Asks: 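Please read through the structure below; I'll follow up with questions.
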Amino acid sequence: MNCSDESTYGNKADIISTVEFNHTGELLATGDKGGRVVIFQREQESKNQVHRRGEYNVYSTFQSHEPEFDYLKSLEIEEKINKIRWLPQQNAAYFLLSTNDKTVKLWKVSERDKRPEGYNLKDEEGRLRDPATITTLRVPVLRPMDLMVEATPRRVFANAHTYHINSISVNSDYETYMSADDLRINLWNFEITNQSFNIVDIKPANMEELTEVITAAEFHPHHCNTFVYSSSKGTIRLCDMRASALCDRHTKFFEEPEDPSNRSFFSEIISSISDVKFSHSGRYIMTRDYLTVKVWDLNMENRPIETYQVHDYLRSKLCSLYENDCIFDKFECVWNGSDSVIMTGSYNNFFRMFDRNTKRDVTLEASRENSKPRAILKPRKVCVGGKRRKDEISVDSLDFSKKILHTAWHPSENIIAVAATNNLYIFQDKVN
Amino acid sequence: MEFKLEAHRIVSISLGKIYNSRGQRGGIKLHKNLLVSLVLRSARQVYLSDPCPGLYLAGSPVPPPQPGEPAAGPPAGWGEPPPPAARAAWPEPETPPERPAGPDARRAVDAEPAAPGAGDTLQGGEAAATAEAAWRRAEVPRAAAAGGAGDPAGGADVCPEGPRAAHRPCACPPGGEAGPGALSCAPRPAKDERPVPPPGCPRKRGAAAGDGPADCPAPGSSPLKKPRRHPEEPAGGAAADEEEMETGNVANLISIFGSSFSGLLRKSPAGGREEAEAEESGPEAAEPGQICCDQPVLRDINPWSTAIVAF
């Protein structure tokens with residue numbers, strides 16, 4: 001990264017729970033624990049303000065989900081937005097899917113910059129006029145107004161998931177999408193809200209035999225019949241919907257044999273995959289487990305082609321991380337537009353980038369103290385043992401409450417969005 | 001020995017997590033609790049596999065556990081040992097040189113050195129004090145349990161060297177009394193498909209499922225008393241008890257929770273699929289509220305017992 005521009009999401013109350021660029025990178029959506037969605041829009045480049053080129057400013061804010069109570073089960077349903085996925089733009093309006101634990105919603109975000117004026121039966125404030133006072137008729141006209149961005153829920157896809165939704169993924173046919181919970185994956189048509197197809201069901205007949213859950217799922221970027229889902233056991237299954245209606249039998253099964261020398265009480269936890277992402281090319285998938293990021297070739301099921309250690313120094317601290325629940329943190333991972341660099345988050349507001357070609361990696365920090373606007377991000381280093389150099393941080397000084405779980409990469413440019421608890425950092429690589 | 005301490009601590013922490021998860025907003029997280037249960041199982045296995053004479057209260061002599069792992073294949077459910085591939089991958093210097101292919105055969109092989117001579121073998125392993133040895137020993141109790149015969153007790157809960165000396169704080173009646181009163185005994189009748197019956201199940205079922213599950217032959221009066229014997233072991237405090245290491249209580253807890261977290265409040269087998277969802281173990285069910293609400297008996301149990309029941 002050469003330079004950085006920083007926008008800070010100032011609301012301290014809510015923790016960002018998902019970040020997603022749209023397909024052009026013009027919009028950036030964030031969801032938070034309070035059920036709100038905030039959309040940022042990139043400013044158009046202008047000759048007048050060269051330095052403000054490409055800044056992201058708030059475009060729209062709306063409450064997507066509210067807390068609900070399931071009376072039948074005496075369960076509260078959190079309003080936290082688990083995932084946001086954009087639909088490709090097909091007209092002037094933008095569409096996105098947002099989901100909490102139970103309900104997926106399709107939102108339409110559109111602009112309004114004109115409003116009708118000159119009604120006959122209503123006055124300017126909207127109050128009804130006494131018809132007896134109307135003596136002339138006029139035709140209402142559209143007059144320009146300040147730009148207003150409004151978000152309206154167009155579809156609500158509810159009551160299809162018994163367990164907690166962890167993923168949604170828009171199909172490349174742009175007509176369907178899938179939603180995945182711990183045990184099932186459902187296929188929806190955007191137009192139909194009262195039914196969905198169940199395409200994966202790993203719930204055992206006897207729940208006592210449950211050994212793994214679905215942790216993430218995604219459609220192939222080009223093949224609308226193909227999708228993958230990852231499991232808590234560290235495996236990935238690729239399924240072809242043409243094979244059968246219920247894709248319980250996978251087409252491909254990706255699993256790396258466990259390294260017995262690394263066995264511990266927590267081996268199972270750290271092998272649970274927290275995120276799976278297809279490369280833009282569709283040839284690779286990337287998975288994130290607690291300590292590593294792995295790149296898999298779709299044509300090779302028995303092991304990944306690349307493995308990157310994100311923070312292996314935590315391997316000796318798994319017990320403490322288990323105690324403070326950090327070991328359950330679900331980190332996401334992202335590809336850059338050309339699939340040459342992958343990025344994922346860590347603790348202490350660190351995030352890591354791995355260049356697949358040069359095999360170089362860098363650790364950067366998202367924090368206000370260390371990042372001034374247009375300052376260059378300085379690489380960070382964690383000292384594992386022995387002597388700590390001046391700029392290094394020792395493992396024991398890491399702040400585990402500052403975790404970067406959600407990051408996003410612009411689809412074509414070197415712009416990244418990093419969510420650090422309740423702050424959003426946007427970094428741009430400006431080549432002068 | 002340090003493995004036992006570590007395991008003990010992890011068991012306590014895990015129990016605390018599962019208990020606390022019942023109250024969290026949004027319902028119990030199936031994924032997290034599944035992972036916690038896996039850790040709990042692993043820690044428990046290590047804990048039990050370490051022979052420590054003081055740990056095992058010689059209560060009434062208890063018959064050796066039921067052959068929990070017949071040729072029916074690997075036991076299903078929570079008690080399932082790691083997949084054979086992973087296990088085979090672990091270096092196992094202490095097992096007999098011939099290594100049969102299938103997990104069952106393997107367990108049968110393990111059972112022989114494990115059962116009577118387990119003490120010596122395990123002592124040796126302990127002296128080695130390697131994680132691998134600990135994990136190996138974790139395998140042994142299951143096998144030992146498999147090698148035992150008779151009482152349908154939770155196999156994995158019993159120290160291999162002492163199915164007879166077993167920590168049976170619940171004073172499980174010998175001879176196959178499969179009542180829910182047997183905390184450490186599996187009340188499940190033979191028809192149950194799970195080869196290693198969860199010791200904790202029957203009591204939970206008996207306690208929570210007021211009407212008594214069909215597959216729990218004995219009335220559930222005594223189980224209610226069992227958890228109350230250890231009210232002094234709160235979820236959080238257990239972690240702090242490392243130094244004192246109330247081994248008796250921990251052993252009880254381990255036996256209570258058994259080798260699985262299943263069979264929660266199984267009202268009746270005829271419940272059907274929906275009920276099967278509801279009756280799945282507390283942390284794993286997405287509907288814990290439903291389970292707790294449905295069981296009036298739960299209100300009478302102290303919080304710690306309730307955790308066990310819901311577990």
Side-chain angles (χ1 to χ4, degrees), chain A residues 33 67-80 100-102 161-164 166 181-183 203-215 231-233 255 257-272 274 290 318-319 322-325 327-328 330, chain B residues 6-7 9-10 13-14 17 25-32 34-40 42-43 46 76-80 82-83 85-91 131-132 135 193-194 198 201 239 260-264 266 273 276-281 284-293:
Chain A
K33 241 180 133 185
E68 291 174 49
F69 196 78
D70 182 336
Y71 295 97
L72 206 58
K73 299 171 185 170
S74 293
L75 273 187
E76 192 177 5
I77 300 172
E78 272 192 285
E79 67 277 25
K80 174 169 75 88
N100 69 348
D101 283 340
K102 298 287 185 184
H161 286 280
T162 305
Y163 302 95
H164 295 138
N166 52 57
D181 68 27
D182 292 317
L183 298 179
K203 182 171 186 282
N206 185 356
M207 275 300 265
E208 300 163 10
E209 293 160 19
L210 181 72
T211 55
E212 68 181 326
V213 298
I214 298 169
T215 53
S231 85
S232 55
K233 272 191 175 172
E255 183 180 34
E258 188 187 355
D259 179 3
S261 63
N262 275 335
R263 190 106 179 105
S264 76
F265 289 120
F266 310 104
S267 298
E268 281 133 333
I269 297 187
I270 64 172
S271 66
S272 176
S274 52
Y290 190 64
L318 293 181
C319 195
Y322 179 71
E323 277 186 79
N324 63 17
D325 271 1
I327 206 173
F328 302 104
K330 295 186 185 174
Chain B
E6 176 86 348
R9 197 161 140 258
I10 289 175
I13 294 168
S14 303
K17 283 188 195 303
R25 206 169 159 244
I28 286 181
K29 306 278 185 281
L30 181 63
H31 183 199
K32 178 178 176 185
L34 172 64
L35 296 176
V36 171
S37 71
L38 294 175
V39 171
L40 182 54
S42 306
V46 169
W78 306 114
E80 183 180 41
R87 292 166 69 200
W90 298 348
E132 289 170 5
W135 282 107
E193 72 274 5
R194 297 193 61 253
C201 281
S260 81
F261 309 100
S262 54
L264 165 71
R266 190 181 293 278
R273 215 172 148 74
E277 275 186 16
E279 71 190 351
E280 185 252 342
S281 56
E284 278 68 37
E287 307 85 52
Q290 176 183 19
I291 294 163
C292 295
C293 294

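Here the structure is a predicted model, which is why all the values come from computation and not from measurement. Within every chain, numbering begins at 1; the chains are lettered A, B, ... in the order of the sequence lines, protein sequences first and strands thereafter.
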Asks: Search all heavy atoms of Leu35(B) against all heavy atoms of Glu268(A) and return the closest pair with its distance.
Replies: CD2-O, 4.2 Å
Asks: Does any part of the side chain of Lys29(B), heavy atoms only, come nearer than 4.5 Å to the side chain of Phe328(A), both counted from C-beta?
Replies: no
Asks: Between Leu75(A) and Gly27(B), what is the shortest heavy-atom contact and its length?
Replies: CD2-CA, 3.5 Å
Asks: Which bit of Tyr322(A) comes within less than 4.5 Å of chain B, counting heavy atoms only: side chain, backbone, both or neither?
Replies: both
Asks: Which atoms form the tightest heavy-atom contact between Glu78(A) and Gly26(B), and what is the distance?
Replies: CG-CA, 4.0 Å
Asks: Got a sec: does the OH of Tyr71(A) have more than 12 other heavy atoms crowding it under 6.0 Å?
Replies: no
Asks: If you look at every heavy atom in Phe265(A) and Val39(B), which pair is closest and at what distance?
Replies: O-CG2, 3.7 Å
Asks: Heavy-atom cut-off 4.5 Å, strictly under: side chain, backbone, both or neither for Ile327(A) against chain B?
Replies: neither
Asks: For Asn166(A), is it the side chain, the backbone, both or neither that has a heavy atom under 4.5 Å from a heavy atom of chain B?
Replies: neither
Asks: For Ser272(A), which atoms come within 4.5 Å of any heavy atom of chain B: side chain, backbone, both, or neither?
Replies: side chain
Asks: For Glu323(A) and Lys17(B), work out which heavy atoms get closest and say how close.
Replies: O-NZ, 3.1 Å
Asks: For the side chain to side chain donor-acceptor pair (under 3.5 Å) test, which of Lys330(A), His164(A), Glu212(A) pairs with His31(B)?
Replies: Lys330(A)
Asks: Answer yes or no: is there a side-chain heavy-atom contact under 4.5 Å between Leu30(B) and Leu210(A)?
Replies: yes
Asks: Tell me, out of Asp70(A), Asp181(A), Ile214(A), Asp325(A), who's got the most heavy-atom pairs with chain B below 4.5 Å.
Replies: Asp325(A)
Asks: Which atoms of Glu68(A) are under 4.5 Å from chain B, going by heavy atoms: the side chain, the backbone, both sets, or neither?
Replies: neither
